[in-house]
**Q** 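Structure in structure tokens, see below.
Keep in mind it's a predicted model, so treat the numbers as computed, not measured.
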Amino acid sequence: MIWVRSLRVARLADQLGGALGLDQGERQTLHWGALLHDVGKLFVPVGLLNKPAPLTPAERTCLNLHAERGADLLARYPVLPAG
């Protein structure tokens, strides 16, 4: 489950932010980034995400686009911190 991993990443990011001495606003931005860092994987077929064999070049290209697609999706929501 991707969201469980995102929660784990957010918890670790919060610990890191505290260790780095980030202020509350910076830690909140870090938290959002950690929660949403893989939202673009919604555009990647599940079979590709869970493929046990090496990816073909075309599959790798599809997977690599998840960051761009996620950024495009989140850019539509001005309530989220800019980053």
Side-chain angles (χ1 to χ4, degrees):
M1 293 181 176
I2 292 175
W3 65 271
V4 172
R5 283 183 237 140
S6 291
L7 290 173
R8 190 178 319 129
V9 170
R11 185 173 49 246
L12 291 171
D14 188 53
Q15 292 172 357
L16 178 62
L20 292 173
L22 300 182
D23 66 39
Q24 189 60 35
E26 293 168 322
R27 286 175 75 175
Q28 184 64 40
T29 299
L30 183 61
H31 179 80
W32 275 108
L35 284 176
L36 299 171
H37 79 280
D38 270 344
V39 72
K41 286 186 178 176
L42 293 169
F43 298 99
V44 179
V46 173
L48 183 59
L49 290 174
N50 296 326
K51 185 177 178 183
L55 300 178
T56 67
E59 290 169 335
R60 174 66 56 195
T61 298
C62 178
L63 184 62
N64 287 342
L65 287 173
H66 88 275
E68 183 179 330
R69 290 179 175 163
D72 290 344
L73 174 68
L74 295 175
R76 300 177 199 171
Y77 300 93
V79 69
L80 297 173

**Q** Are Leu42 and Val46 linked, directly or through intermediate hydrophobic residues, by side-chain heavy-atom contacts shorter than 4.5 Å (ILVMFWY only)?
**A**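 No, Val46 does not connect to Leu42 through the hydrophobic network.
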**Q** Could you check whether any side-chain heavy atom of Leu63 comes within less than 4.5 Å of a side-chain heavy atom of Leu49, counting everything from C-beta outward?
**A**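 SC-SC contact between Leu63 and Leu49 confirmed.
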**Q** Measure the CG-CD distance between Leu73 and Glu68 for me, rounded to the nearest 0.5 Å.
**A**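 That separation rounds to 12.5 Å.
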**Q** If hydrophobic clusters are built from ILVMFWY residues whose side chains come within less than 4.5 Å, do Val9 and Val39 share one?
**A**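 No, Val9 does not connect to Val39 through the hydrophobic network.
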**Q** Check His37 against Ser6 and note the closest heavy-atom contact, atom names and distance.
**A**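 Smallest heavy-atom distance, with atoms named: CE1-OG, 3.9 Å.
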**Q** Check side chain to side chain contact (heavy atoms under 4.5 Å, CB included) between Leu30 and all other residues, then give those that pass, not counting sequence neighbours.
**A**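 Side chain to side chain contact (heavy atoms under 4.5 Å, CB included) list for Leu30, sorted by chain: Ala13, Leu22.
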**Q** Group every Ile, Leu, Val, Met, Phe, Trp and Tyr by side-chain heavy-atom contacts under 4.5 Å, then state whether Val44 and Leu55 land in the same group.
**A**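 Linked, Val44 and Leu55 end up in one cluster.
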**Q** Measuring only between side-chain heavy atoms, which start at C-beta, is Arg5 closer than 4.5 Å to Asp38?
**A**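 Result no, sub-4.5 Å side-chain heavy-atom pair not found.
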**Q** Measure the spacing between CG of Leu48 and CZ of Arg60 and express it to the nearest 0.5 Å.
**A**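 Output value for this atom pair is 8.5 Å.
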**Q** Measuring from His31:NE2 to Glu26:CD, what's the distance to the nearest 0.5 Å?
**A**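 It is 15.5 Å, given to the nearest 0.5 Å.
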**Q** First locate atom CG of Leu16, then atom CZ of Arg11, and finally report the distance between them rounded to the nearest 0.5 Å.
**A**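 Going from CG on Leu16 over to CZ on Arg11, the span is 14.0 Å.
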**Q** Mind checking what makes salt bridge (Lys or Arg N to Asp or Glu O under 4.0 Å) contact with Asp72, not counting sequence neighbours?
**A**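 Scan of Asp72 (salt bridge (Lys or Arg N to Asp or Glu O under 4.0 Å), adjacent residues dropped) gives none.
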**Q** For a side chain to side chain contact (heavy atoms under 4.5 Å, CB included) check, start with the C-alpha distance between His66 and Arg69, then their side-chain angles and the critical distance, and finish with the verdict.
**A** CA-CA 5 Å; His66 88 275; Arg69 290 179 175 163; 5.7 Å; no
**Q** If you take all heavy atoms of Thr56 and Glu59, which pair is closest and at what distance?
**A**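 Heavy atoms of Thr56 and Glu59 come nearest at N-OE1, 2.8 Å.
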